[in-house]
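A short write-up of the structure that comes next.
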Amino acid sequence: MPEKPYDHTQIELKWHERWQNADFYQAEENSAKPKFYVLEMLPYPSGTLHIGHIRNYSIGDALARYKWMRGFNVLHPMGWDAFGLPAENAAIANQRPPREWTLQNIAAMKKTHRRFAFSYDWDREVSTCEPEYYRWNQWFFLKMLERGLAYRKKALVNWCPKCATVLANEQVVEGCCWRHEDTAVEQRALEQWFLKITDYADQLLDDMAQLEGGWPERVLTMQRNWIGRSEGAEADFKLAGTGEPIRVFTTRVDTIFGATCVIVAPEHPLNGTLLDAEGQARAKGMVDARANRDPGDIEKEGFFTGRYAINPYSGERVPVWVGNFVLMGYGTGAIMAVPAHDERDFEFCRKYGIAIRPVIRPVDGELAVEPGMQQSFTGDGIVENSGPWSGLTSHVARLEMSAFAERNGFGQAAITYRIKDWGISRQRYWGTPIPVIHCASCGVVPVPEEQLPVILPDRIEITGAGRSPLENVPEFVNVACPRCGAPARRETDTMDTFIDSSWYFYRYCDAHNGQMPFDPAKIAYWFEIDQYIGGVEHAILHLIYSRFFTKVMRDIGLIRNSEPARRLFTQGMVIAEGAKMSKSKGNVVSADVLAEKFGADTARMFVLFAAPPEKEVDWRAEGAEGISRFLGRVYRFATRNVGQGPAAGSSDRKVLRKLHQTLARITEDFETRWHFNSCIARIMELVNVLYAEEANISAAAMPEILEKLALMLAPFAPYVSQEIWEELGKEGPAFRQSWPVFDPELVKEDEAEIVVQVNGKLRGHIHAPFGTPKEELEARALAGERVRPFLAGKQVVKVIVVPDKLVNIVVK
RNA sequence: GCCCGGGUGGCGAAACUGGCAGACGCAAAGGACUUAAAAUCCUUUUCUCGGAAACGAGAGUGCGGGUUCGAUUCCCGCCCCGGGCACCA
């Protein structure tokens, strides 16, 4: 047959149309349980595809398609974009009617999605922007409220002036908003809703044991750091005179006899009584200075309050200071300074001439003597000069001293976490309304379940910064109190969008349930997720929140699993111009351009070929042409060789061996490592061999070659693969065929090629049948023409023979 | 500062368990086809030295050591890059 030119547009359009209404990926629930894969990503809905998503998509899609071909059913839903915000800030989000926008974009997504892949299981369509999804967000919120897991308090919160909204701690990056890295986050005191994720801190840590092996160590470490559990003790230093206690937290009670002052945070509540007007002004100055600067490079500063406090262990009177390096948000907001055994305290006390008193002796050293101490000793050792605890090891002293504090009522062993409760209030229009009503006489009243969902009003006016635009919508705000019927005000804060992404994959399993968020039986069937694929950038946001949600849902009694996903694969980020590519940054490279120019097959395959999936890739479009060329080569080769070829093929053996070797290699790579880049390289090698041997491949061998080639390409380039499949006169979608099997006999080479080295340097090759005895190999190697010159005048010390592989001659 | 990754040609990268470093692709150069161009096909390309050439020799996987017949791979020390955490008491 004459060869056909590779016209990707025509091919893709053709199959796009034919497959329009097909549902290839419908899980067959009556067969063995399908694997449940979740790809946390989506094509970017604005019409411009987000390359980070394409990458993620391509990886998961190729994998899922391969799994299908291997006979594993894969339920392969993709996460809905929970943020749904196309651009820079709240202003834009607020201007768009979300429902309309959402519906429009679902349509757009279906289009682009079909184009880039077609594996979406449309029946399970879930949009986190839909009122039906709001309903269940609100339902969960009310359940948490019932259980005391949701609460409201006035709190200092992170406020982004550009977004004009509150941010969670997780959303603050280096003191700036995660969406506006040039805008410093301010601190404001506002009434806010919180979820008590801290109640689950220990579980979140302990259950990581279940995830070992299945989750990347890197992600677990990041989560561990983020939760930041540290064990220590709390103790009260009573103010001399009033007896008012200053509670401090320390991980080193064993050093408390070395405490030479107490330092409180500038915003410590006690400062109201502790300080005079001047002192309070200084403290406020410190707070402000800290808010506007990188906390790392602020110099330690402090001042003496003029007051003293009593060390509860030694009875010693120590001065009370205010220090800018003491954080109100961690521990108790006050510390005891032990300069001899803490670096920061050392620096501070040196600067202000506060006494330094060593009380820990290194196990195999001397107790340091002040003056002359150059640095603090922060390790454990033997406790000295510490009354009845002298002579104990640090470890034992910590236990006994904590117990002593508890017996005497001035403290106890205590655990502190770095993680804070999850602030979920947002002053945006966009988002799930928090379902409570504020009544003058009844207080905070939950919206009754039967009144859910509370839906956002359609028409809003954007006021700009500062307050939720919902406050200006009287129909929304003014309601009767559900308890007493008196006029009341509806809560106008909406929920953080991370709520949406915390449980969407559960809803996928039962997307149209109107009675419950989902049927527990269905979750029991599908969960845990076998494989979750997402970006590493979510390690401490989304992936902690969704673990938390899972545990809460389990405690409510909806599900039985404690963790959402058994295995997590974090795909590397896409970097453009040195920064990670993201929608909010605006440095997104459009993959549409690639797709327009070279077609969807090339766009997908190029992304897969760039690097192994776990690696970051620096985006550059240069190589895409090579992929397009390759697909053209394959297509033309196939079309001109269907039903062609001589009767006898002198290269059949060689080509078939290469074919089966290729298949063996990529099967292995798919199975274990997901290194699609090398899979594709192998197929390219095969095609190079096919080109070189084309004239000598028999008509008998050609069908097998083309068929297997088409099937191997199916996970990466489904359209070309399908077109070749059809050219071969085959029916049905190529990517629903079984993955081709290789013949282990054919994979084997006829003879072994044995490397000959002299002193580890390559000096030649010998060919010998597999299993040739060592002695013979050795003799042949020594006699080799290329080898002999290197042996001349030398003495052969030793010969190492690795059968079928290598002979190394060691000479002197 | 602490905790993870990583460092291989002009570039993206390969090398499965310690056994031929640089597969595959990009880019570049040369050639074939063509009136010409595009497309396509073929060849060359780690560096240095020798040679007209086929080819040959040496060096080479961030740096310095070590283990080994043999190290990109294992061990020790250092440098650099990326990511995470960070006055966290």
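Proteins come first, then strands; the chains are lettered A, B, ... in the order of their sequence lines, and each starts at number 1.
At the heavy-atom level, A:R229 lies nowhere under 4.0 Å from the strands shown. A:N759 comes within 4.0 angstrom of no nucleic acid atom, judged by non-hydrogen atoms across all strands. No contact: A:G228 has no heavy atom under 4.0 Å from any strand. Backbone-only engagement by A:F790 is indicated by non-hydrogen atom pairs under 4.0 Å involving sugar-phosphate atoms exclusively. Using a 4.0 Å heavy-atom criterion, one finds that A:F348 contacts no nucleic acid atom at all. Contact annotation for A:V338: no contact, since no heavy-atom pair falls under 4.0 Å across all strands. Looking at heavy-atom distances under 4.0 Å, A:H675 makes no contact with the nucleic acid at all. Contacts of A:V810 with the nucleic acid, taken as non-hydrogen atoms under 4.0 Å apart, involve only primed sugar atoms and P, OP1 or OP2. Within the nucleic acid shown, A:E347 has no heavy atom closer than 4.0 Å to any nucleic acid atom.
Remark: B:rG1 base-pairs with B:rC85; criterion is Watson-Crick or G-U wobble with both hydrogen-bond distances under 3.5 Å. Under the Watson-Crick or G-U wobble criterion, with both distances below 3.5 Å, B:rU35 has no partner in any strand shown. Across all strands shown, B:rA29 is found opposite B:rU43 as a Watson-Crick or G-U wobble partner, with both distances under 3.5 Å. Across every strand in view, B:rU8 sits unpaired, with no contact that passes the Watson-Crick or G-U test at under 3.5 angstrom. Pairing for B:rG50 goes to B:rC55, judged as Watson-Crick or G-U wobble with the two contacts each under 3.5 Å. Across all strands shown, B:rA71 remains unpaired; no Watson-Crick or G-U wobble contact has both distances below 3.5 Å. Nucleotide B:rU61 has no partner under the Watson-Crick or G-U criteria, as no pair reaches both atom distances under 3.5 Å.
Of the candidate nucleotides B:rA89, B:rG84, B:rA13, B:rG84 has the atom nearest to the side chain of A:M222. The side chain of A:L327 sits closest to B:rC87 out of B:rC87, B:rG19, B:rC20. In the set B:rG25, B:rG19, B:rC41, the nucleotide with an atom closest to the side chain of A:R636 is B:rC41. The side chain of A:D342 has B:rA89 as its nearest neighbour among B:rA89, B:rA23, B:rC26. Side-chain proximity of A:K761 to the nucleotides B:rC24, B:rA86, B:rA59 is greatest for B:rA59. The side chain of A:K805 sits closest to B:rG19 out of B:rC24, B:rA89, B:rG19. The side chain of A:M684 lies closest to B:rG25, out of B:rG25, B:rC20, B:rC26. Checking B:rC4, B:rU40, B:rA15 against the side-chain heavy atoms of A:R673 singles out B:rA15 as nearest. Relative to the side chain of A:K615, the nucleotides B:rA13, B:rC87, B:rG19 differ in distance, and B:rA13 lies closest. Across B:rA23, B:rC85, B:rA14, the shortest atom-to-atom separation from the side chain of A:P612 is found for B:rA14.
Remark: A:K351 does not engage A:E301 in a salt bridge, criterion side-chain N to carboxylate O under 4.0 Å. For A:R229 and A:D202, the salt-bridge test passes: some basic side-chain N is under 4.0 Å from an acidic carboxylate O. Under 4.0 Å is where a charged nitrogen must lie from a carboxylate oxygen, and between A:D345 and A:K300 no such pair does.
Nucleotides B:rG77 and B:rG5 are separated by 16 Å at their P atoms, to the nearest Å. B:rC85 and B:rC78: their C1' atoms are spaced 24 Å apart (whole Å). A gap of 10 Å separates the C1' atoms of B:rC63 and B:rC80, to the nearest Å. Atom P of B:rC11 sits at a distance of 11 Å from the matching atom of B:rC47, rounded to the whole Å. Comparing the C1' positions of B:rC55 and B:rA39 gives a spacing of 36 Å, expressed to the nearest Å. Nucleotides B:rA13 and B:rG25, compared at atom C1', are 8 Å apart to the nearest Å. Using P as the reference atom, B:rG83 and B:rG65 are 32 Å apart when rounded to the nearest Å. The separation of B:rG58 from B:rA21, taken at their P atoms, amounts to 13 Å, rounded to a whole angstrom.
Separating the CD atom of A:E625 from the P atom of B:rA28 is a distance of 10 Å, rounded to the nearest angstrom. The CZ atom of A:F676 sits 19 Å away from the C1' atom of B:rA23 (whole-angstrom rounding). The distance from atom CZ of A:R418 to atom P of B:rA86 is 4 Å, rounded to the nearest whole Å. Between A:L608 atom CG and B:rA13 atom P the separation is 15 Å, expressed in whole Å. Between the C1' atom of B:rC4 and the CD atom of A:E614 lies a distance of 15 Å, rounded to the nearest Å. The separation between A:E694 atom CD and B:rC42 atom C1' is 14 Å, rounded to whole Å. Rounded to whole Å, atom P of B:rC24 lies 9 Å from atom NZ of A:K658. If you take CG of A:D669 and C1' of B:rC16, they are 8 Å apart, rounded to a whole angstrom.
At least one test fails for A:R418 against the ring of A:Y330: distance under 6.0 Å to the centre or angle within 45° of the axis.
Annotated as syn: B:rG9, whose glycosidic dihedral is within 90° of 0.
Here A:S230 reaches the OP1 or OP2 of B:rA89: one of its side-chain N or O atoms lies under 4.0 Å away. Phosphate contact (OP1/OP2 of B:rC42, side-chain N/O of A:R633, threshold under 4.0 Å): present. A sub-4.0 Å separation between OP1 or OP2 of B:rA14 and a side-chain N or O of A:N677 is present. Look at A:R629 and you won't find any side-chain N or O under 4.0 angstrom from OP1 or OP2 of B:rC41.
A:F716 and A:F670 have parallel rings, their planes meeting at less than 30° on a 0 to 90° scale where 60° marks the start of perpendicular.
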**Q.** ring pair (Phe, Tyr, Trp, His ring centres under 6.0 Å) assessment of A:F598 paired with A:F606
**A.** CA-CA 10 Å; A:F598 300 113; A:F606 169 63; 8.6 Å; no
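Of the possible polar contacts, one joining the A:Q661 side chain to the A:V747 backbone as a donor-acceptor pair under 3.5 Å is found.
On a pure distance criterion of 3.5 Å, a polar donor-acceptor pair joins the side chain of A:E753 and the base of B:rC20. The base of B:rC69 lies close enough to the side chain of A:N808 for a donor and an acceptor atom to sit less than 3.5 Å apart. Donor-acceptor pairing under 3.5 Å, judged by distance alone, is absent between the side chain of A:K798 and the base of B:rC69.
Residues A:T332 and A:F249 approach most closely at OG1-N, 3.4 Å, considering heavy atoms. Here the closest non-hydrogen pair linking A:F257 and A:S314 is CE2-CB, 3.5 Å. When every heavy atom of A:I227 is checked against every heavy atom of A:I544, the shortest pair comes out as CG1-CD1, 4.4 Å.
Place A:R218 and A:F249 on RNA chain B by their nearest nucleotides, and A:R218 ends up nearer the 5' end.
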